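Written out below as structure tokens is the structure these notes cover.
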Amino acid sequence: MKLRITPLNFASAFFLFVAAYSWIYGIKISGVQFQHLNGTIGWIFLLFAVVVSFMDIMFRNFFGETKKIWIVELSFITLAVIIFLLVK
């Protein structure tokens with residue numbers, strides 16, 4: 001089995017890090033410490049990591065070459081960021 005590093009690998013690692021960080025240190029939004037939502041926010045980021053890992057597996061099955069995977073996944077990330085900024 002060949003190990004291929006892709007952009008969605010980095011995204012899922014980031015979401016796992018944020019989930020662990022929110023469980024350990026807690027979350028402050030607008031300077032207010034949320035005591036009861038730390039676990040919930042951690043679970044949300046863990047769900048994001050699982051979904052992104054699943055998307056990575058789907059893209060790996062559809063595209064065989066690493067270069068194509070990088071292009072498709074970077075396009076997916078860019079589209080998700082643009083949609084997020086438009087909704088925000």
Side-chain angles (χ1 to χ4, degrees):
M1 188 170 167
K2 191 169 136 180
L3 178 68
R4 293 186 289 184
I5 303 297
T6 61
L8 289 181
N9 289 120
F10 293 120
S12 61
F14 171 74
F15 286 135
L16 287 174
F17 171 76
V18 172
Y21 185 85
S22 68
W23 279 322
I24 294 170
Y25 296 110
I27 297 293
K28 282 186 180 181
I29 299 174
S30 300
V32 178
Q33 179 74 26
F34 289 102
Q35 299 295 330
H36 302 291
L37 290 178
N38 291 335
T40 304
I41 293 172
W43 281 109
I44 289 170
F45 279 112
L46 189 63
L47 176 68
F48 286 165
V50 169
V51 169
V52 168
S53 296
F54 180 72
M55 290 294 295
D56 184 40
I57 291 170
M58 282 183 18
F59 285 140
R60 284 174 190 251
N61 285 334
F62 286 130
F63 304 102
E65 297 177 21
T66 305
K67 183 178 179 181
K68 286 182 183 177
I69 292 174
W70 270 82
I71 292 170
V72 169
E73 288 186 3
L74 284 175
S75 300
F76 175 74
I77 291 171
T78 305
L79 180 67
V81 168
I82 290 171
I83 290 172
F84 171 77
L85 292 175
L86 287 174
V87 170
K88 186 178 176 186

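Values reported hereafter were calculated over all heavy atoms of this structure, with side chains retained and with hydrogens, waters and symmetry mates removed. Keep in mind that what you see is a predicted model, and the values were worked out from it rather than measured.
Cluster partners of V87 are L79, I83, counting Ile, Leu, Val, Met, Phe, Trp and Tyr whose side-chain heavy atoms approach within less than 4.5 Å, directly or via other members. Chaining together hydrophobic side chains whose heavy atoms lie under 4.5 Å apart places L16 alongside W23, W43, L46.
Transitive grouping of hydrophobic side chains (ILVMFWY, heavy atoms separated by less than 4.5 Å) keeps F84 and L86 in distinct clusters. Residue I44 is not grouped with residue V50 when hydrophobic side chains (ILVMFWY) are merged at heavy-atom distances under 4.5 angstrom, including chains of intermediate members. Cluster membership check: F10 does not share its hydrophobic cluster with I57, using side-chain heavy-atom separations under 4.5 Å among Ile, Leu, Val, Met, Phe, Trp and Tyr.
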* Before giving the answer on side chain to side chain contact (heavy atoms under 4.5 Å, CB included), spell out for F14 and V18 the whole-Å C-alpha distance, their side-chain angles and the decisive distance to 0.1 Å. => CA-CA 6 Å; F14 171 74; V18 172; 3.6 Å; yes

* To do: Check the pair I77, L8 against side chain to side chain contact (heavy atoms under 4.5 Å, CB included), reporting the backbone distance first and the verdict last.
  => CA-CA 8 Å; I77 291 171; L8 289 181; 3.9 Å; yes

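The shortest side-chain heavy-atom distance between F15 and V51 does not fall under the 4.5 Å cut-off.
Residues passing the ring pair (Phe, Tyr, Trp, His ring centres under 6.0 Å) test with F63, sequence neighbours excluded: none.
Sequence neighbours left out, the pairs with a member in residues 44-72 that pass side-chain hydrogen bond (donor to acceptor under 3.5 Å, both in side chains) are T6-D56, N9-D56, N9-R60, D56-R60. Residue pairs meeting the salt bridge (Lys or Arg N to Asp or Glu O under 4.0 Å) criterion with at least one partner in residues 69-79, sequence neighbours excluded, are absent. Applying the side-chain hydrogen bond (donor to acceptor under 3.5 Å, both in side chains) rule to pairs touching residues 76-88 yields nothing, sequence neighbours excluded.
With ring centers used as reference points, Y21 lies 6.0 Å or more from F45.
Residues G42 and S22 share a closest heavy-atom pair of CA-OG, 3.2 Å.
In this structure, CZ in F59 is found 13.0 Å from CD1 in I71, a value given to the nearest 0.5 Å.
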